[in-house]
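Protein chains get the first letters and strands the later ones, always in sequence-line order, with residue 1 at the start of each.
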There are 2 protein chains.
Amino acid sequence: MTNKSNLNNLTKSEEDYLKALFQLLAEDHTVKVGNNQLAEYLKVSPASTNNMIKKLKAKHYVVSEKYGKLELTAEGQSIAVRLIRKHRLWETFLYNYLNFSWDEVHDVAEQLEHIKSYKLIDELDRFMDFPEKDPHGELIPNAKGEYKVIPKITLSSLEEGDVCRLIAVNDGSVNFLRFVSEIGLALSSKIKILEIREFDKSIRIQFDGTIETVTKKFADNVFVKKVI
Amino acid sequence: MTNKSNLNNLTKSEEDYLKALFQLLAEDHTVKVGNNQLAEYLKVSPASTNNMIKKLKAKHYVVSEKYGKLELTAEGQSIAVRLIRKHRLWETFLYNYLNFSWDEVHDVAEQLEHIKSYKLIDELDRFMDFPEKDPHGELIPNAKGEYKVIPKITLSSLEEGDVCRLIAVNDGSVNFLRFVSEIGLALSSKIKILEIREFDKSIRIQFDGTIETVTKKFADNVFVKKVI
DNA sequence: TTGATTTGTTAGTCATAACTAACTTTTTTA
DNA sequence: TAAAAAAGTTAGTTATGACTAACAAATCAA
Ligand SMILES: [Mn+2]
Ligand SMILES: [Mn+2]
Ligand SMILES: [Mn+2]
Ligand SMILES: [Mn+2]
């Protein structure tokens, strides 16, 4: 029987590395994730990552061969999913009950996700009546640790003439989220691709009667579902 | 002008030392607090405390002479009061909204009090409609940092025949709090001192028709206001 | 008032988690 | 396929915050 005591003994750092690795692996299930890629994602040196990975391997959360790619064990995945659940529930709480805007929630949730108490998070979930999505459109894993991913593609991957609906956004950058709101885009907005400029891949889009030109970098952070 | 940026840069440890020192000083305003007393309170070695006090003096949160007693600067006090405010607001939230019992809230609040966000705590305060007291009867400092103390005395300091009302309890021990509830005591209970046994200072009390004998140690952790 | 006890300080060690610099292995490309 | 580039590893350093052991100062008590 695996150890499921109320308080696991992971440090904030260990948790952050596991979550980051999970997200890199989940992002693109085909491509393998290496040490330096994880380092870059976490904005630490490759040496730091190498060190932490050693520790996580010793604790059986990560598996990898020397010079090989990184994988999470079932236990490692379970910890990561629990962190994502906590993160998204807190974001939802801040957004729905404490007047936080969607660009403000991520940084505080990044701290709150490390609070250790199963009761806290399950009661918070109940208090909010088991929300399905966080303020950025991402699905919240349930208490059983079921992690579903909505089939989503980036706005930048569409072609001229395509019509889609905004279903989620990357919540990492405050400036990006503010800009999304500023131009009038929101979750569920219906977007039409008018034109893709070959020169710099910038995209002319139409939504709610508005016409805007956005960069490829912007479109990479917008997740949509194709309609029609 | 003093530095009041949104995120102060104190570590969890620095915060805990400042809060502990404040509480020792507030507890008994006449008696001076020394290095080893603070160490014992925090359950760390005197050497650790000595080291941290050096750091807090360098940052101008603590003042003391070599081999002398410890004092907090105005800034040190302000940080401590903010922590107490956060701690008690979180306890109130857990108790009133998330079905935590009064013996469960303290440990989780001990973690939550270190989350850095002024907006978070002021919005939480507003969400709960500015509660005055935490689940253990302690007053919650307001956003201006005003720290009031209810005039309170321990149950153990009363004499035979005295009648009092339970206004607060020490929230440090889960077992103690459970026991308080178990015997049927709660905030506002009216208690009469029937007898104090000389031998071991145990106290026979009456409340709500119940008669119980409690130890001096128990009575030291119960705060009351004399009535009549 | 002087010796014992308490209180406070210093020095040195350990664990965690970051860093840089140097090195090795693997992969890519010419 | 051999040199170059990229990816990964190791060694050594730093900062924080614990610890113990040894020592010094202050206070208490006979
Ligand atoms: Mn987020
Ligand atoms: Mn985090
Ligand atoms: Mn408490
Ligand atoms: Mn604390």
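When heavy atoms are screened at a 4.0 angstrom cut-off, T49(A) is found touching no nucleic acid atom at all. Nucleic acid contact for K69(B): sugar-phosphate only, since backbone atoms but no base atoms lie under 4.0 Å from a heavy atom of the residue. Among the heavy atoms of the strands lying under 4.0 Å from K54(B) are primed sugar atoms or P, OP1, OP2 only; no base atom is included.
When the P atom of dA18(D) is taken as reference, atom CD1 of I53(B) falls 12 Å away, rounded to whole Å. For E65(A) and dA7(D), the CD to C1' distance is 16 Å, given to the nearest whole Å. Distance, D16(A) CG to dT16(C) P: 17 Å, rounded to whole Å. Between the C1' atom of dA18(D) and the OH atom of Y17(B) lies a distance of 8 Å, rounded to the nearest Å. The distance from atom CG of N50(A) to atom P of dA21(C) is 18 Å, rounded to the nearest whole Å. The distance between atom CG of L38(A) and atom C1' of dA6(D), rounded to the nearest whole Å, is 17 Å. Straight-line distance from the CG atom of N36(A) to the P atom of dT26(C): 15 Å, rounded to whole Å. Put simply, NZ on K32(A) is 13 Å from P on dG8(D), counting in whole angstrom units.
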Any protein N or O atoms within reach of nucleotides 19-29 of chain D? Criterion: under 3.5 Å, listing atom names and distances.
from	atom 1	to	atom 2	distance (Å)
dC19(D)	OP2	S45(B)	N	2.8
dC19(D)	OP2	S45(B)	OG	3.1
dC19(D)	OP2	S48(B)	OG	2.6
dA25(D)	O4'	Y67(B)	OH	3.3

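A side-chain donor-acceptor contact under 3.5 Å links H114(B) and D16(B).
Applying the 4.0 Å criterion to OP1 and OP2 of dA18(D), one finds that S13(B) has a side-chain N or O inside that range.
Side-chain contact between T11(A) and E15(A): absent, with no pair of heavy atoms (C-beta onward) separated by less than 4.5 Å.
Each of I193(A), D220(A), N221(A) was scored for a side-chain contact (heavy atoms from CB on, under 4.5 Å) with L155(A), with one residue passing: I193(A). When the options I79(B), I84(B), L42(B), L24(B) are evaluated for a side-chain contact (heavy atoms from CB on, under 4.5 Å) with K19(B), the one that passes is I84(B).
Residues F100(A) and F93(A) keep their aromatic ring centres 6.0 Å or farther apart.
Residues D122(A) and R85(A) come closest through the heavy atom pair OD1-NH2, 2.7 Å.
Ion pairing of E132(B) with R88(B) is absent here, as no side-chain N (NZ or NE/NH1/NH2) approaches a carboxylate O to less than 4.0 Å.
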